[in-house]
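Taking it in order: structure first as structure tokens, then the write-up.
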Amino acid sequence: SSTENVDPQKIAFLLRKQWTLYSVTPMYKFSYGNLKEYSRLLSAFVAAEKQKGLAVEVGNDLGIKVTLSTLLGLKGTDQDQVAVLVQIASRSQLPFENAENKVVWSGWFCCISGDDLLESVPEDFTCLSLFLANGAESYTAIVGSWFQKTFDCYFSRLTISPLNLAWMAAMWTGCKVDSHMAATELVFSVPCIPQSLDISYAIHSEDAKALWDTVQKTPGEVTQEEVNLFMDCLYSHFHRHFKIHLSATRLVKVSTSIASAHCDGNIKVLD
């Protein structure tokens, strides 16, 4: 991805937080030149909704400030739209000018590379089809409703299928990590009555990486065939030791040194 004018502080801010995923339809008449004005309007909207008692109280009724800004360096391709960061901060009650505002909620819009929508979107529309939110759901709902009213778009929660979780497990296992490598952990759900049972399968990261290296044919690329083979090898190893067929269960969570993801649509990037 393009690294021009990347703000390392902003990128660091995205790490080590749990983000909830939403898909967003194209936004009508959204303009990057109006981010300051949108910040002002959204601040007023959040404050008004907060007074109705819909949002979480932050401290002793502190003022709320919303800031929209661009997130550079997150474009997958040159055609992708620039990512947008939305932050809600509670104004500090300290008397001096440069008192820190505390960020209480954040969300960001980005473009998914290879999105076929980009080809067919009319010029009045901006395609930022993925939205990630961190913080109280009441704020997510307020921000979502403002964007939906203002830009005639629609937000819906995204879940992550077992197939996509397997892809994430394979891709993240194959990444080189300089820091300490945590074990790769896969959690499988077994539908039982009266309650479901979870099976946790932890693999030393070096072993997982070695297995992926034997499976991967084209460096820098991941194919469905390789992902299937990677998972099949893990399944057969598990069956050999515990006589349990993991292929009959449902993959619900993946954790690696790079990131973790849950089928509910929650994701956390660590490195």
Residue Y32 excluded, over 12 heavy atoms near OH under 6.0 Å: yes
Distance (rounded to the nearest 0.5 Å) between F109 CZ and L68 CG: 8.0 Å
Whether H262 side chain and D264 backbone form a donor-acceptor pair below 3.5 Å: yes
Side chains of W105 and V143 in contact at under 4.5 Å (non-hydrogen atoms): yes
Any donor-acceptor pair under 3.5 Å from R157 side chain to Y22 backbone: no
Interatomic spacing from CG in L158 to SG in C263 - rounded to 0.5 Å: 13.0 Å
Check: S189 and D198 side chains under 4.5 Å, non-hydrogen atoms: yes
S31 side chain vs G33 backbone, donor-acceptor pair below 3.5 Å: yes
Side chain proximity check, P191 to R250, heavy atoms < 4.5 angstrom: no
ring-ring contact (aromatic ring centres under 6.0 Å, His included) between F151 and Y38, worked out: CA-CA 11 Å; F151 304 110; Y38 299 156; 5.1 Å; yes
Sub-4.5 Å side-chain heavy-atom contact between K50 and Y139: yes
Cluster link Y235 to V187, ILVMFWY, side chain under 4.5 Å: no
Backbone N/O of I142 and side chain of S145: donor-acceptor pair under 3.5 Å: yes
D207 CG to T173 OG1 distance, which is reported to the nearest 0.5 Å: 11.0 Å
Under the salt bridge (Lys or Arg N to Asp or Glu O under 4.0 Å) test, residues paired with D213 that sit two or more places apart: K209
Aromatic ring pairing F131/F155, orientation class (parallel under 30°, perpendicular over 60°, tilted between): perpendicular
Spacing of OG belonging to S106 relative to CG belonging to L14, to within rounding of 0.5 Å: 8.0 Å
K217 and T223: side chain donor to acceptor below 3.5 Å: no
Main-chain N/O of S255 paired with K268 side-chain donor or acceptor, under 3.5 Å: no
ring-ring contact (aromatic ring centres under 6.0 Å, His included) against F230, all qualifying residues, sequence neighbours excluded: W212
Euclidean distance, I160 CD1 relative to K253 NZ, rounded to 0.5 Å: 11.5 Å
Q216 side chain to E221 backbone, donor-acceptor under 3.5 Å: yes
